[in-house]
Amino acid sequence: MDDRAYVRAAREGDEAAFAALVRRHSGGLHRAVARIIGDDAEAWDVVQMALLRAWRRLSSYDERWSFATWLYRIGTNLAIDLLRSRSSRDRAHRAGGEHHLRVVASPSASERVDENEVERLLDRLVTVLTPQQRSAFVLRELEGMETAEVARVLGCSATTVRNHVFQARKVLRRELARRYPEYLPRAHRG
Amino acid sequence: MRCQEFRELVDRYLEESLDEARREGFRSHLSSCAVCRQVALQRDPTLLFAALEPQGDDEEEVERCVTAVTASIRRDRLERRLRRPRPWLAAAAAFLAGAGVVATWEATRHDAFPAAQAAGSVATPAVAAAPRDGAPPPEVQVDMPGEGVRVYQFADQVDRNTAVCYIVTPALES
């Protein structure tokens, strides 16, 4: 059964159909939200809020879009709102974890991909990006979404998405060089 | 995608100028070919993030989410049901209010027109023939033969503005 059929049933009040949609999409949405806000546990709260909001607004869902895109739009907007509401004190606290990462990152880190390490690295680095840059970079670069889909999720043009990703990469490259030089190619280290 | 092609496309990937199909092929090769990955990371270390393997869902967390969302939906539905306007309740309230008004009116009428109440008795003389010293004869204001009701109005000589109405069943006047 495809998403649209589940949505139609859920619109008629079928909770089981909506539960099937939750089961299908909550994991992916959580992964994206967790990477945007940099907090795994809090991301589940955002996902639940997004799903409940989706249930309440099912009547406004436009079937020309994929359900996942619509859901990601709700979830990403909530994540961006959360990022904006966080205090600078909270952001400073998160940046404090950087020393631990320096210890665990080996000199040869650029030659391999340690999933957990790169995720932690991302959690710390994305704090220097604006919420829009962060969302665009996560959806495009980590989730591998197409530009047009990211544009629909973020409610902006494809050109804006490309610009956000380009700018995000520039900032991340600079931050990597400043904070984690061990990740730079040997020839580029100071 | 072959390694040579991959290496030629690194700059275009970073510039966001690859079409979606080639971009997908590039990402796939980046994840699977360690040699090319190292070449790409030499070019730009931020490609580390594109090389992350897609993670599987945490089934336990997903089920917890399903349970929590379903519970929230049920609570939400219950709250909406409690807030929903109920027409039958409004109709019942209107009926009770109407009945109250009628009962009040009846009680007021009986207090204000005791003679009319007495007219219900067979022993009472017809209103038109009732002797009223110095009073003008009563005027019939409303006659409803089909309903068996006739309304008289008496006016007091002292105060012509004061009128008293009696509702009488015509059969009682004979």
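Naming: A, B, ... by sequence-line order, numbering from 1 per chain. Note that this is a predicted model, so its numbers are computed, not measured.
Following chains of ILVMFWY side-chain contacts shorter than 4.5 Å, one can reach Phe67(A) starting from Met1(A), so the two form part of one hydrophobic cluster. Phe95(B) and Trp105(B) are not part of a single hydrophobic cluster, where members link through side-chain heavy atoms under 4.5 Å apart. Val39(B) and Leu176(A) fall into different hydrophobic clusters, where Ile, Leu, Val, Met, Phe, Trp and Tyr side chains are chained together by heavy-atom contacts under 4.5 Å.
Here the rule is side chain to side chain contact (heavy atoms under 4.5 Å, CB included) with Val22(A), and of Thr67(B), Val62(B), Val69(B) only Val69(B) fits it.
The existence of a salt bridge linking Arg23(B) and Glu146(A) is excluded, since no basic side-chain nitrogen approaches an acidic carboxylate oxygen closer than 4.0 Å.
Between the CG atom in Leu48(B) and the CD atom in Glu141(A) there is a gap of 10.5 Å [rounded to 0.5 Å]. Atom OG1 in Thr46(B) sits 5.5 Å away from atom CZ in Phe137(A) (nearest 0.5 Å).
Ranked by non-hydrogen atom pairs under 4.5 Å with chain B, the options Leu172(A), Leu142(A), Leu51(A) are led by Leu142(A).
Heavy-atom neighbours of Glu79(B) CD from other residues, nucleotides or ligands within 6.0 Å: above the threshold of 12. Counting heavy-atom neighbours within 6.0 Å of Glu8(B) CD, excluding the residue itself, gives a total above 12. In Phe166(A), the CZ atom is not crowded: 12 or fewer heavy atoms of neighbouring residues, nucleotides or ligands sit closer than 6.0 Å. Under a cut-off of 6.0 angstrom, the local environment of CZ in Arg64(B) is crowded, with over 12 non-hydrogen atoms contributed by other residues, nucleotides or ligands.
If you measure heavy-atom distances from Glu20(B) to chain A, the contacts under 4.5 Å come from the side chain alone. Only the side chain of Glu15(A) comes within less than 4.5 Å of a heavy atom of chain B; its backbone N, CA, C and O stay farther away. Looking at Glu59(B), neither its backbone nor its side chain comes within 4.5 Å of chain A, counting heavy atoms on both sides.
The backbone N or O of Glu15(B) sits nowhere less than 3.5 Å from a side-chain atom of Arg169(A) that would complete a donor-acceptor pair. Between the side chain of Arg77(B) and the backbone N or O of Gly13(A), at least one donor-acceptor pair lies under 3.5 Å.
In terms of heavy-atom proximity, Cys65(B) sits nearest to Gln48(A) at SG-CG, 3.9 Å. When all heavy atoms of Val66(B) and Arg23(A) are compared, the closest pair comes out as CG1-NH2, 3.5 Å.
Within residues 149-163 of chain A, the residues having any heavy atom closer than 4.5 Å to a heavy atom of chain B are Arg162(A), listed by residue number.
Checked against side-chain contact (heavy atoms from CB on, under 4.5 Å), Leu52(A) has the following partners two or more places apart in sequence or in another chain: Arg56(A), Ser72(B), Ile73(B).
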